Amino acid sequence: MQLIFSEPVDWKDLQNKVCLLLSQSGFEAEIEKVISTPRGEVEIDVFAVDPRSIDKITYVVECKNWCVPVNQSVIHAFTTVMSESGSNIGYIVSKAGFQNGAIRYTNHTNIKLFSFIELQNHYYKSWMINYFAPQLENYVERCNLYVEPCNCTRDRAVAGLNEANKNIYRSLVDKYGSFIVTLEMLAVSINYLMKVKSDVDYTSINWAKFFEECDKIELHFKGLPLSELLIQLRDALNAITIQFDKLFNKDIFE
């Protein structure tokens with residue numbers, strides 16, 4: 001499975017990326033939230049609410065960018081915070097994993113232990129549906145108008161080009177058409193088909209093959225986490241769209 005974010009460089013980066021992951025997966029999340037408990041105020045690394053749940057389920061997350069596994073005493077303290085804050089679910093995200101005692105202690109509790117990679121895998125599908133696909137559809141929408149099979153506005157504009165520019169248009173379509181349509185179908189399938197055909201996982205993508213296809217049109221994205229890939233796709237699609245716009249001396253869809 002392709003990672004969403006690069007490896008955190010420090011604790012602050014880990015905390016920010018955990019918050020961003022939850023926010024982009026559909027949660028209302030914030031860092032360093034101060035909450036009241038019977039023993040006074042406590043600062044939570046990441047606090048999140050699931051607005052889609054009927055009871056507005058709350059999550060508290062503790063981030064440990066330590067070089068040693070988290071021990072059982074950390075879990076004890078975290079359990080107290082969860083209990084006194086009234087939170088529903090707790091996550092501890094650790095760079096170096098967890099001692100066996102810590103793992104045993106959380107069995108049959110509402111506390112889950114993750115590495116940052118495991119947390120990304122846990123929310124991969126939700127992130128793809130709530131963030132990746134809607135953003136990608138927005139980025140690819142206008143570019144796709146230039147290459148989709150049926151578009152009357154585009155066809156009239158192409159008919160008005162001289163023969164040299166028609167050849168340039170065909171060359172652009174030959175080079176980028178398949179890439180653009182692939183991105184459009186990818187976004188649409190995740191955005192819409194996942195909602196009506198729940199038995200099919202449209203977020204399950206052969207990323208290795210996708211990167212190989214990108215290499216063929218000199219777009220080299222291999223090795224990028226998905227959050228960075230999305231930015232690169234935005235920039236690439238914008239550059240391709242500008243090439244089409246310049247050919248027609250305007251945005252023909254305005």
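All of these numbers come straight from a predicted model, not from anything done at the bench.
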Requested in this report: Please assess Y105 against H76 for the test ring pair (Phe, Tyr, Trp, His ring centres under 6.0 Å), listing each intermediate value before the final yes or no.
Outcome: CA-CA 9 Å; Y105 186 84; H76 290 167; 4.5 Å; yes
- [ ] For F132 and E137, run side-chain contact (heavy atoms from CB on, under 4.5 Å): C-alpha distance rounded to whole Å, both residues' side-chain angles, the deciding distance at 0.1 Å, then the answer.
- [x] CA-CA 9 Å; F132 183 89; E137 186 173 12; over 6 Å; no
Run L172 and Q243 through side-chain contact (heavy atoms from CB on, under 4.5 Å) and show every step you take.
CA-CA 8 Å; L172 288 173; Q243 291 183 63; 3.3 Å; yes
Evaluate I92 against F98 for side-chain contact (heavy atoms from CB on, under 4.5 Å), listing each step before the verdict.
CA-CA 10 Å; I92 299 180; F98 303 87; 3.6 Å; yes
Before you tell me yes or no, could you show the steps for Y131 and W127 under ring pair (Phe, Tyr, Trp, His ring centres under 6.0 Å), namely the whole-Å CA-CA distance, both residues' side-chain angles and the distance that decides it to 0.1 Å? CA-CA 5 Å; Y131 189 74; W127 185 83; 5.8 Å; yes
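Taken together through direct or relayed side-chain contacts under 4.5 Å among Ile, Leu, Val, Met, Phe, Trp and Tyr, L3 and L224 form parts of separate hydrophobic clusters. If you chain together hydrophobic residues whose side chains sit under 4.5 Å apart, I117 and L113 never meet in one group. Criterion: ILVMFWY side-chain heavy atoms under 4.5 Å apart, direct or through other members. Under it, V93 and V68 are not part of a common hydrophobic cluster. V74 is connected to V42 through a chain of hydrophobic side-chain contacts under 4.5 Å among Ile, Leu, Val, Met, Phe, Trp and Tyr, so both are in one cluster. Note on I103 and I75: same hydrophobic cluster, where clusters join Ile, Leu, Val, Met, Phe, Trp and Tyr whose side-chain heavy atoms are under 4.5 Å apart, directly or indirectly.
When the shell of 6.0 Å around CD1 of I217 is examined, it contains more than 12 heavy atoms from other residues, nucleotides or ligands. Remark: R52 CZ is packed, more than 12 non-hydrogen atoms of other residues, nucleotides or ligands lying under 6.0 Å away. Counted within 6.0 Å of CG on D55, heavy atoms from surrounding residues, nucleotides or ligands total 12 or fewer; the atom is thus considered open.
Remark: the backbone N or O of S36 is not paired with any side-chain donor or acceptor of E41 at under 3.5 angstrom. Under the 3.5 Å distance criterion, the side-chain polar atoms of S85 are matched with a main-chain donor or acceptor of M82. At distances below 3.5 Å, at least one donor-acceptor pair connects side-chain atoms of D13 with backbone N or O atoms of V9. No donor-acceptor distance shorter than 3.5 angstrom exists from the side chain of S23 to the backbone of L20, with no hydrogens or angles considered. Judged by distance alone, the side chain of S189 and the main-chain N or O of L193 form no donor-acceptor pair under 3.5 Å. In this structure, the side chain of E212 does not engage the main chain of K222 through any donor-acceptor pair within 3.5 Å. For E62 (side chain) and I44 (main-chain N/O), no donor-acceptor pair under 3.5 Å exists by modelled atom type. With T37 contributing its side chain and E84 its backbone, the two residues share no donor-acceptor pair below 3.5 Å.
Contact annotation: the side chain of E148 never approaches that of E184 to less than 4.5 Å [non-hydrogen atoms, C-beta and beyond]. Between V46 and E30 there is no side-chain heavy-atom pair separated by less than 4.5 Å. Using a 4.5 Å heavy-atom threshold, the side chains of T109 and T79 count as separate. Looking at W66 and S94, their side chains never come closer than 4.5 Å, going by heavy atoms from C-beta outward. Using a 4.5 Å heavy-atom cutoff, the side chains of V181 and Y176 are not in contact. Put simply, the side chain of F5 reaches to within 4.5 Å of the side chain of Q120, judged on heavy atoms. I4 places none of its side-chain heavy atoms less than 4.5 Å from the side chain of F116. In this structure the side chain of F78 reaches within 4.5 angstrom of the side chain of I111, judged on heavy atoms.
Using a 3.5 Å distance cut-off with no hydrogens or angles, the side chains of S73 and N71 do pair a donor with an acceptor. Between N88 and T58, the side chains place a donor N or O and an acceptor N or O closer than 3.5 Å (distance only, hydrogens not considered). Residues D235 and Q232 have side chains that never bring a donor and an acceptor to within less than 3.5 angstrom of each other. Remark: the E32 side chain and the Q15 side chain contain an N/O donor-acceptor pair separated by less than 3.5 Å. A donor and an acceptor atom, one from each side chain of H122 and E118, are nowhere located under 3.5 Å apart.
In summary, E163 and R170 engage in a salt bridge, as defined by a charged side-chain N under 4.0 Å from a carboxylate O. Ionic pairing of D10 and K12 is not present here: no N-O contact between side-chain nitrogen and carboxylate oxygen is shorter than 4.0 angstrom. Ion pairing of E43 with K33 is absent here, as no side-chain N (NZ or NE/NH1/NH2) approaches a carboxylate O to less than 4.0 Å.
How far CZ of R142 is from CD1 of I240: 12.0 Å, rounded to the nearest 0.5 Å. Considering CD of Q135 and OG of S227, their distance stands at 12.0 Å, rounded to 0.5 Å. Interatomic distance, SG of C63 versus NZ of K17, reported as 12.0 Å (0.5 Å rounding). Rounding to the nearest 0.5 Å places OH of Y124 at 5.5 Å from OG1 of T203. To the nearest 0.5 Å, atom CD of residue E28 and atom NZ of residue K56 are 8.0 Å apart. For the atom pair OH of Y202 and CD1 of I190, the computed distance is 10.5 Å after rounding to the nearest 0.5 Å.
Contact record, D45 with W11: OD1-CZ2, 3.7 Å, taken as the closest heavy-atom pair. Annotation for F248 and F244: closest pair CD1-O, 3.1 Å, computed over non-hydrogen atoms. Here the shortest heavy-atom pairing between L219 and A236 reads CD2-CB, 4.1 Å. C143 and T241 get closest at one heavy-atom pair: CB-OG1, 3.2 Å. Closest of all the heavy-atom pairs between S126 and S25 is OG-O, 2.9 Å. When all heavy atoms of A96 and C67 are compared, the pair lying nearest together is CB-C, 3.7 Å.
In this structure, the ring of F47 has its center no less than 6.0 angstrom from the ring center of Y59. A ring-centre distance under 6.0 Å is found for Y146 and F253.
Partner F179 forms a side-chain contact (heavy atoms from CB on, under 4.5 Å) with one of V147, V140, L233 and no other, that one being L233.
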